[in-house]
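Scroll down for the structure; my scribbles are underneath it.
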Amino acid sequence: MPELPETETVARVLRSNIVGHTVQNVKIIKGYKISPTNKTFAKSVINKKVVGVQRVAKNIIIKFENNVYVQTHLAMTGRLLLKKSGDQTSKWLKWVFVFENSTRLEFHDMRAFGKTAVLTKKEFDDLTNKYGPEPLDNKINAKAFLKQLLTKKTSIKNALMDQKIISGLGNIYATDALFMAQINPKTKTDKLSLEQATDLLKSSREILNEGIKNRGATLPDKMYVDPLGKSGKQQKHFRIYQKKECPICKHKVKYEKINGRGTYFCPSCQKP
DNA sequence: ATGTTTGTTCCGAT
DNA sequence: CATCGGAACAAACA
């Protein structure tokens, strides 16, 4: 589930709760695999202090002393949860850090598409470099954004979710950003104008910032919660995602699969 | 029973 | 060879 705002929320909550604490013990659920090996994972973090937590695209990076980086990608159903001693766990538990103050950090993943890896400094740099610019960093402007889009031969919806063009947007925020910019999601990238690229970059930043402010989106399945178990509120502010009627013109919203992903758009406000 | 789901990667086709 | 689109990964729910 998590896109940029959800991942950012998780990173912030973790940062204020685990930085400065030392991992005393690690538990890995039988059969679960961490890269490069479970043994490396345990050995790399036991008796090591957390020195920082950050987000890279949709990854959570927990940085330990001695240049050890633990990368976790939540994919669709991953959760990082902080627990106190005595708190219950769940059947989707994959691994646990036990800290010196006996609080725990647990990774849960129902569908198991997520991943955890231990990275060296160089591997961390490589990971960071494989992604396109962070949309909220002001490292990309509309002209550069358009230039990237023009190299693609696909729909704008697909390109917007391409993490190599710009990182952090997934199906929900891309769908809403396109609606806000009044661009039809099926528009081919080579048909876009500089004005449209400008609008789209602006609406992407606006919806991502709003998503962060609302601490992410929690859908009815309640899969996404922050590390303290708290739901987000962005679902109350979806523009067109999962809507039946257009909030602007009241036209019936069209639902269509675009590159395999469910996409909502207003055929009147977002004309091809 | 079938179709759906917030993400990424791999493979076959072009 | 590069790029694109669809399948696959797996589990729960309506």
Evaluation steps, side-chain contact (heavy atoms from CB on, under 4.5 Å), between E100(A) and V23(A): CA-CA 6 Å; E100(A) 88 292 341; V23(A) 172; over 6 Å; no

Steps toward salt bridge (Lys or Arg N to Asp or Glu O under 4.0 Å) verdict (E6(A), K58(A)): CA-CA 9 Å; E6(A) 292 75 23; K58(A) 299 174 192 170; over 6 Å; no

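If you check every strand for non-hydrogen atoms under 4.0 Å, K58(A) touches sugar and phosphate atoms only. No contact: G114(A) has no heavy atom under 4.0 Å from any strand. Counting non-hydrogen atoms under 4.0 angstrom, Y255(A) reaches the backbone sugars and phosphates but no base. If you check every strand for non-hydrogen atoms under 4.0 Å, K257(A) touches sugar and phosphate atoms only.
For dA10(C), the base is not stacked against the aromatic ring of F113(A), per a cut-off of 5.5 Å between centres and 30° between planes.
Each of D125(A), D126(A), T120(A) was scored for a side chain to side chain donor-acceptor pair (under 3.5 Å) with K122(A), with one residue passing: D126(A). Paired with F265(A) under the rule side-chain contact (heavy atoms from CB on, under 4.5 Å), one option of K243(A), Q182(A), K254(A), K271(A) passes, and it is K254(A).
Between the CE atom of M161(A) and the C1' atom of dG5(C) there is a distance of 12 Å, rounded to whole Å. Atom CD of E256(A) and atom P of dT5(B) are 13 Å apart (whole Å). The distance from atom CD1 of I258(A) to atom P of dG6(C) is 11 Å, rounded to the nearest whole Å. Atom-to-atom, CH2 of W92(A) to C1' of dA10(C) comes out at 12 Å; the value is rounded to the nearest Å. Counting to the nearest Å, the P atom of dA10(C) and the NZ atom of K115(A) are 16 Å from each other. Put simply, CG on D190(A) is 15 Å from P on dT3(C), counting in whole angstrom units. As rounded to whole Å, 10 Å separates atom P of dT3(C) from atom NZ of K164(A). Distance, M223(A) CE to dG7(B) P: 14 Å, rounded to whole Å.
Taking atom P on both dA10(C) and dC10(B), the two are 15 Å apart, rounded to the nearest angstrom. On the P atoms, dT9(B) is 22 Å away from dC1(C), given to the nearest whole Å.
Here T263(A) contributes atom OG1 and K157(A) contributes atom NZ; the two are 3.0 Å apart, rounded to the nearest 0.5 Å.
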Structure string for DNA chain C in dot-bracket form, Watson-Crick and G-U at under 3.5 Å, | interchain: .||||||||.||||

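A salt bridge links E8(A) and R12(A); the closest N-O separation between the charged side-chain nitrogens and carboxylate oxygens is under 4.0 Å.
Within the 4.0 Å cut-off from OP1 or OP2 of dA12(C), not a single side-chain nitrogen or oxygen of T77(A) is found. Between K91(A) and dA12(C) there is a side-chain N or O to OP1 or OP2 distance below 4.0 Å. Here H73(A) does not reach the OP1 or OP2 of dG7(B): none of its side-chain N or O atoms lies under 4.0 Å away.
Nearest to the side chain of N259(A), among dG5(C), dT8(B), dT4(B), sits dG5(C). Checked against dA12(C), dT4(B), dG7(B), the side chain of R261(A) finds its nearest nucleotide in dG7(B). The side chain of R111(A) lies closest to dA10(C) when the candidates are dA12(C), dA10(C), dC4(C).
Other residues, nucleotides and ligands place more than 12 heavy atoms under 6.0 Å from the NZ atom of K48(A).
When all heavy atoms are compared, the tightest approach of L105(A) to F99(A) is CB-CE1, 3.8 Å.
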